[in-house]
K.L.:
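The structure's right below; bear with me while I get my questions together.
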Amino acid sequence: MTLNKFLTKIFCIFFAVSAFSFSQTNNDSEMPDSKDQRTFVAAVTKFSYDLNPHTASYNTEAQILSGLYEGLFSYDPVTMDPLYAICKSHKLSRNKKRWTFTLREDAKFSNGNSITAQSVKDSWMNLLSNNNAPFASLLDCIEGVEEFRTGNATAESVKIIVKDELTLNIYVKEPVNYLPRVLCNHAFTVKPVESDVFSGPFILESQTEDKITLVKNQNYWDSKNVNLPQIDFLLSDEYDENCFLFNTGKIDWIDSGFYADKIYNKNSTKVFAEFAVQYLFLKTNRFPWNKQEFRNALMTATPWEELRKGCFIPATTFVYPISPYPKNIGLDETDQDEAILMMKDARTKYNVSQDTQLEIIFALPSENETMKKQAELLAKAWEPLGVKLTVQTTSASRYNHNIKNMNADIFGYTWIGDFADPMAFLELFRTGSSLNVSGYSSKEFDDLLVMSSQADTTEDCYKILAKAEQMLLDDGVIMPIQHPISVHAIDLDCVGGWSVNPLDIHPLKYLYFRKPEVKIPNLVKFN
């Protein structure tokens with residue numbers, strides 16, 4: 001889905017494993033009492049938040065946007081499966097290439113104007129016209145989208161058709177069974193041109209460098225089931241202060257920015273694996289690192305065990321394990337002697353002197369100690385191959401946004417899948433994808449992605465996608481490090497509507513305060 005808050009998210013949390021509660025999903029069944037509802041306060045990572053759903057890419061931005069905008073579908077808060085939102089029904093043609101969406105009659109923007117099929121189309125076309133929209137290429141499955149998005153066709157060629165006020169047709173190039181999951185992403189919500197008008201359960205009341213305040217949208221189609229009157233997001237990296245405010249009841253939810261051993265109620269600390277991967281990758285636009293032979297020499301010399309030391313869930317492959325996706329042959333073997341021979345052969349093949357020192361530039365966010373250690377490990381491991389690794393630092397706040405324009409070879413990335421399908425990861429390396437910042441391009445890889453959409457069963461589809469992933473691993477483009485974990489502080493005895501889920505998105509619509517329980521200690525002692 002989105003990029004995680006920052007690459008240091010997991011590593012800057014100091015804890016003892018015993019302090020954590022590896023919680024299960026909270027199953028809410030009670031009816032919230034309106035008298036118990038008040039302003040909900042959450043502490044989130046401090047940085048410059050982009051609350052335009054078309055251009056936002058960070059996980060914490062997606063979290064806030066889940067309250068401000070809504071699309072045809074939204075996430076189920078427990079399973080992350082698609083739920084009908086502005087769309088009340090849909091159907092597929094027999095050849096599975098025409099999708100028909102029927103909208104709710106009562107869907108309105110926060111200013112009271114109706115949300116129509118034209119509203120949806122206009123929002124999507126504005127997204128596709130924005131060169132800074134990272135998720136735009138996820139709609140390339142629609143006829144004419146890729147050509148229009150890349151400036152090679154007019155808007156009229158895009159097969160997003162308004163049939164009538166409440167009916168939208170789209171025509172896809174090949175069957176896309178995961179399309180409703182894609183449309184849950186914040187990028188495909190309905191955003192009007194006006195910056196102060198919203199389609200979701202809340203509206204933005206104010207935004208400063210320290211706090212973002214949302215208040216209930218009274219014109220939202222399902223406002224009767226939105227329980228919180230207001231949500232305040234405190235932008236804070238002060239871990240001790242966050243812990244103090246949580247322990248004293250001034251904060252209801254901390255999203256990752258705390259010390260677990262300082263949280264008094266240990267059951268409030270929630271830890272779970274994310275549908276995500278943290279990895280390094282090589283750009284493929286500069287010689288010699290645009291050649292597979294040189295890249296694979298580096299991979300063979302890489303000290304994988306040391307690189308993944310301390311990771312809760314080490315990753316040897318790229319795609320997060322999901323049934324029935326096959327297990328690929330990962331990157332986990334280190335052979336320095338073999339790597340030296342591979343480098344020697346690569347130099348010979350491409351007429352590079354054996355004595356020439358090859359430079360490789362590792363770009364990393366300033367003050368990111370974890371990536372600095374990774375750079376040190378790689379520099380030491382690759383030096384015997386005649387490779388000199390140099391470090392280039394850049395601002396941490398928008399590191400990911402700057403990758404495309406940075407003149408470097410290695411970058412760090414953390415990616416959270418936007419929908420429960422391997423394509424949520426493989427799209428990052430498809431030629432022409434707006435998410436492809438590596439510059440990797442392979443017709444064989446792209447063809448496999450197309451073939452997967454034509455498969456008759458999920459199992460067959462996943463087998464083809466696994467071949468595509470194996471190509472990335474064998475080409476020496478990606479260096480998987482770990483599947484991250486997500487860490488939160490929230491007391492589910494007091495807060496309802498918040499559930500553990502692998503996408504780490506907790507739709508704000510469903511949050512509410514539970515009726516406080518009066519717990520009387522048992523003072524009777526039985527002998």
K.L.:
Counting only heavy atoms from other residues, nucleotides and ligands, does the tally under 6.0 Å from CD of E333 exceed 12?
P.N.:
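No, not enclosed.
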K.L.:
So, does Q470 use its side chain to make a donor-acceptor pair with the main chain of I329 at under 3.5 Å?
P.N.:
yes
K.L.:
Heavy atoms, side chains only, cut-off 4.5 Å: are V44 and L235 in contact?
P.N.:
yes
K.L.:
For S137 and S433, which I'm curious about, is there any donor-acceptor pair between the side chains at under 3.5 Å?
P.N.:
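S433 and S137 do have a side-chain donor-acceptor pair below 3.5 Å.
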K.L.:
Answer yes or no: are there more than 12 heavy-atom neighbours, outside E305 itself, under 6.0 Å from its atom CD?
P.N.:
no
K.L.:
Taking atom types as modelled and ignoring hydrogens, do the side chains of N242 and S236 form a donor-acceptor contact shorter than 3.5 angstrom?
P.N.:
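Per modelled atom types, N242 and S236 side chains form a pair under 3.5 Å.
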K.L.:
Report yes if the side chains of Y58 and F47 come closer than 4.5 Å at any heavy-atom pair, otherwise no.
P.N.:
yes
K.L.:
Return each pair, listed once, that meets side chain to side chain donor-acceptor pair (under 3.5 Å) where at least one residue sits in residues 313-327; pairs must be two or more places apart or across chains.
P.N.:
Y325-E469
K.L.:
Any idea how F272 and W498 line up, ring-wise: parallel (<30°), tilted (30 to 60°), or perpendicular (>60°)?
P.N.:
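Ring orientation, 0 to 90° scale: perpendicular.
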K.L.:
For Q292, look at atom CD and say whether over 12 heavy atoms of other residues, nucleotides or ligands are found less than 6.0 Å away.
P.N.:
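Yes.
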K.L.:
Quick one: are F135 and L435 in side-chain contact, heavy atoms under 4.5 Å?
P.N.:
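SC-SC contact between F135 and L435 confirmed.
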K.L.:
Between Y440 and L282, is any pair of side-chain heavy atoms under 4.5 Å apart?
P.N.:
no
K.L.:
Decide yes or no for P480 and L473: does some side-chain heavy atom of the first lie under 4.5 Å from some side-chain heavy atom of the second?
P.N.:
yes
K.L.:
Hey, are the side chains of I212 and L204 touching, using non-hydrogen atoms and a 4.5 Å cut-off?
P.N.:
yes
K.L.:
Hey, are the side chains of I251 and F244 touching, using non-hydrogen atoms and a 4.5 Å cut-off?
P.N.:
no
K.L.:
For K467, I'd like to know if atom NZ has over 12 heavy atoms of other residues, nucleotides or ligands within 6.0 Å.
P.N.:
no
K.L.:
Would you say that M406 contacts I361 through its side chain, given a criterion of any heavy-atom pair below 4.5 Å between the two side chains?
P.N.:
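In short, these two side chains do not touch, never coming nearer than 4.5 Å.
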K.L.:
Whether K309 and E306 form a salt bridge (side-chain N of Lys/Arg under 4.0 Å from carboxylate O of Asp/Glu) is what I want to check.
P.N.:
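No.
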K.L.:
I'd like to know if the side chain of N368 pairs up with that of Y399 as donor and acceptor (distance under 3.5 Å, no hydrogens or angles considered).
P.N.:
no
K.L.:
Can we say K373 and E376 salt-bridge, meaning some charged N sits less than 4.0 Å from an Asp/Glu carboxylate O?
P.N.:
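No, K373 and E376 are not salt-bridged.
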K.L.:
Does the ring of Y259 carry K262 above it, NZ/CZ under 6.0 angstrom from centre and within 45° of its axis?
P.N.:
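Judged by the rule (NZ or CZ under 6.0 Å from the ring centre, within 45° of its axis), K262 counts as positioned above Y259.
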K.L.:
Please check if atom CD in E174 has more than 12 non-hydrogen atoms from other residues, nucleotides or ligands closer than 6.0 Å.
P.N.:
yes
K.L.:
Does F287, at its CZ atom, have more than 12 non-hydrogen atoms belonging to other residues, nucleotides or ligands within less than 6.0 Å?
P.N.:
yes
K.L.:
Check for a donor-acceptor pair, side chain of S74 on one end and backbone N or O of A85 on the other, with a separation under 3.5 Å.
P.N.:
no
K.L.:
Distance-only, no hydrogens or angles: does the K283 side chain make a donor-acceptor pair with backbone N or O of K404 under 3.5 Å?
P.N.:
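It does hold such a pair.
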K.L.:
For D50 and S48, test the side chains for any donor-to-acceptor distance below 3.5 angstrom and give the result as yes or no.
P.N.:
no
